[in-house]
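The next block holds one structure in the form of structure tokens; read it before the comments.
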2 protein chains.
Amino acid sequence: MDMHEHVHTADAQGRQDTVERLKRAGLRPTRQRIALAELLFGTADRHVTAEQLHGEASNAGTRISLATVYNTLHQFTAAGLLREVVVESGRSYFDTNTGSHHHFYYEDSGDIVDIDAANVAFAALPETPDGHEIAAVDVVIRVRPRDRIRRR
Amino acid sequence: MDMHEHVHTADAQGRQDTVERLKRAGLRPTRQRIALAELLFGTADRHVTAEQLHGEASNAGTRISLATVYNTLHQFTAAGLLREVVVESGRSYFDTNTGSHHHFYYEDSGDIVDIDAANVAFAALPETPDGHEIAAVDVVIRVRPRDRIRRR
DNA sequence: TCAACAGATTAGAATTATTCCAAGAATGCA
DNA sequence: TGCATTCTTGGAATAATTCTAATCTGTTGA
């Protein structure tokens, strides 16, 4: 009954870092943004949809509207804190890993898994179209469970 | 007033080929499917959305519902006549080029342009996850107009 | 030739993901 | 503290796509 008196001290530092990170990105550290940032950056790299993240925030007791989740994901993306991954039409994934890397996409489960940039190298790439520059080179390796029964 | 008597003979062969192609794919050569197939495969390789194709068919005088366009695009894809390209969440493109190749995606205009498979070569690719096989390796090179004013 | 059945088409409703909007809060500088 | 600015929000609006149930068409076998 008295053992949870000041649990917040455990996370106080992480929270302060989050606030700093938001400020550096030019975003006011509001209650909602802090909550989402902690969910997004508190653990290992991850890939989330707006709906998913909204669920997590709700479960964690943060009152936040879905519209705000969408707004925040886009703001974080614009600020370079997130990166949008397109692997499936009709659903947007946001990746907390903003470094150069690629993705496996599991067609059966819909899972997305990072591929380290070091594991993909190009021997040839086409010329960049005149007057343009490359914004990104995205590689998606789509995989599916191997057929047990081989067709012949 | 009498110079368009039997214009259909000009396209008769192409139409017959289309009918054959549909039959081989196990699809009944219906009026709608024939019309869409001719729009899709009548000219050079192209990338279309359902909405676009529906508009073209309507303009060409073919009465066809949007639902049928969606059905047909998916059936053609399942039959290997089309390939779906995912470059933008929220909008599906279908590519009449089903061979191995990749894409430029123009972020400003939304245009999609084929890159011949010969122009993309890998020096390294990660191992395929256990129990899985590769369905496809999709490379999307996202380009944007080059900044005139270089930041320093 | 044609009946009959499987397969195809359709209008419109339903669903899903996302964005828009206007109004009420929260934030942080002066 | 006092505001101006920026945020958040519920709910309506939009967009792409899928579903549904009724109707129609293509094909096949007698």
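Heavy atoms only: backbone and side chains are in, while hydrogens, waters and symmetry mates are out. Convention: sequence-line order gives letters A, B, ...; per-chain numbering from 1.
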**OP:** Kindly say whether, by distance alone, the side chain of R28(A) makes a donor-acceptor pair under 3.5 Å with the base of dT5(D)?
**Re:**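 Such a pair exists between side chain and base.
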Original post:
Is a side-chain donor or acceptor of R146(A) paired with a backbone partner of I134(B) at a separation under 3.5 angstrom?
Top reply: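 No, the answer is negative, given that no donor and acceptor are paired below the 3.5 Å cut-off.
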Options [options], nucleotide nearest the side-chain atoms of [X]:
X      : options                   : answer
R63(A) : dG10(D), dT18(D), dA11(C) : dG10(D)
T72(B) : dT9(C), dA17(C), dT8(D)   : dT9(C)
R91(A) : dG10(D), dA17(C), dT27(D) : dA17(C)

Within this structure, what is the [atom1]-to-[atom2] distance between [X] and [N], rounded to whole angstrom?
X      : N       : atom1 : atom2 : result
E88(B) : dT19(C) : CD    : P     : 12 Å
N71(B) : dT10(C) : CG    : P     : 9 Å
K23(A) : dG28(C) : NZ    : C1'   : 9 Å
L22(A) : dT6(D)  : CG    : C1'   : 14 Å
L66(B) : dC19(D) : CG    : P     : 14 Å
L73(A) : dT18(C) : CG    : P     : 9 Å
H54(B) : dT9(C)  : NE2   : C1'   : 12 Å
E51(A) : dT19(C) : CD    : P     : 12 Å

Is the phosphate of [N], meaning OP1 or OP2, less than 4.0 Å from a side-chain N or O of [X]?
X      : N       : value
T68(B) : dT10(C) : yes
Q75(B) : dA8(C)  : no
S92(B) : dA16(D) : no
Q32(A) : dA26(C) : no

Original post:
H74(B) near the nucleic acid: base, sugar-phosphate alone, or nothing, with a heavy-atom cut-off under 4.0 Å?
Top reply: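 Counting heavy atoms under 4.0 Å across all strands, the contact made by H74(B) is with sugar-phosphate only.
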Show the atom names and distances, to 0.1 Å, of all donor-acceptor pairs under 3.5 Å that link a side chain in residues 78-87 of chain A to residues at least two apart or in another chain.
residue, atom, partner, partner atom, Å
R83(A), NH1, G99(A), O, 2.9
R83(A), NH1, H101(A), ND1, 3.3
R83(A), NH2, H101(A), O, 3.2
E84(A), OE2, S92(A), OG, 2.8

Original post:
More 5' along DNA chain C: A67(A) or R31(B), using each one's nearest nucleotide?
Top reply: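 On the 5' side of the pair lies R31(B).
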Original post:
Taking for each residue the nucleotide of DNA chain C bearing the nearest heavy atom, is the 5' side occupied by R33(B) or by S89(B)?
Top reply: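 Its nearest nucleotide being more 5', the pick is R33(B).
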Subject >> Between NE2 on residue H47(A) and OG1 on residue T96(A), distance to nearest 0.5 Å >> reply: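 It comes to 7.0 Å.
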Subject >> For R142(B), all residues meeting salt bridge (charged side-chain N to carboxylate O under 4.0 Å, His left out), sequence neighbours excluded >> reply: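 With neighbours one apart ignored, the set is D138(A).
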Subject >> Pairwise 5' ranking along DNA chain D for Y70(B) and T30(B), keeping only the more 5' one >> reply: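 Taking each residue's closest nucleotide, the earlier one in sequence belongs to Y70(B).
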Subject >> Salt bridge present between R144(A) and E133(B) (N-O < 4.0 angstrom) >> reply: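 Answer for the salt bridge query: yes.
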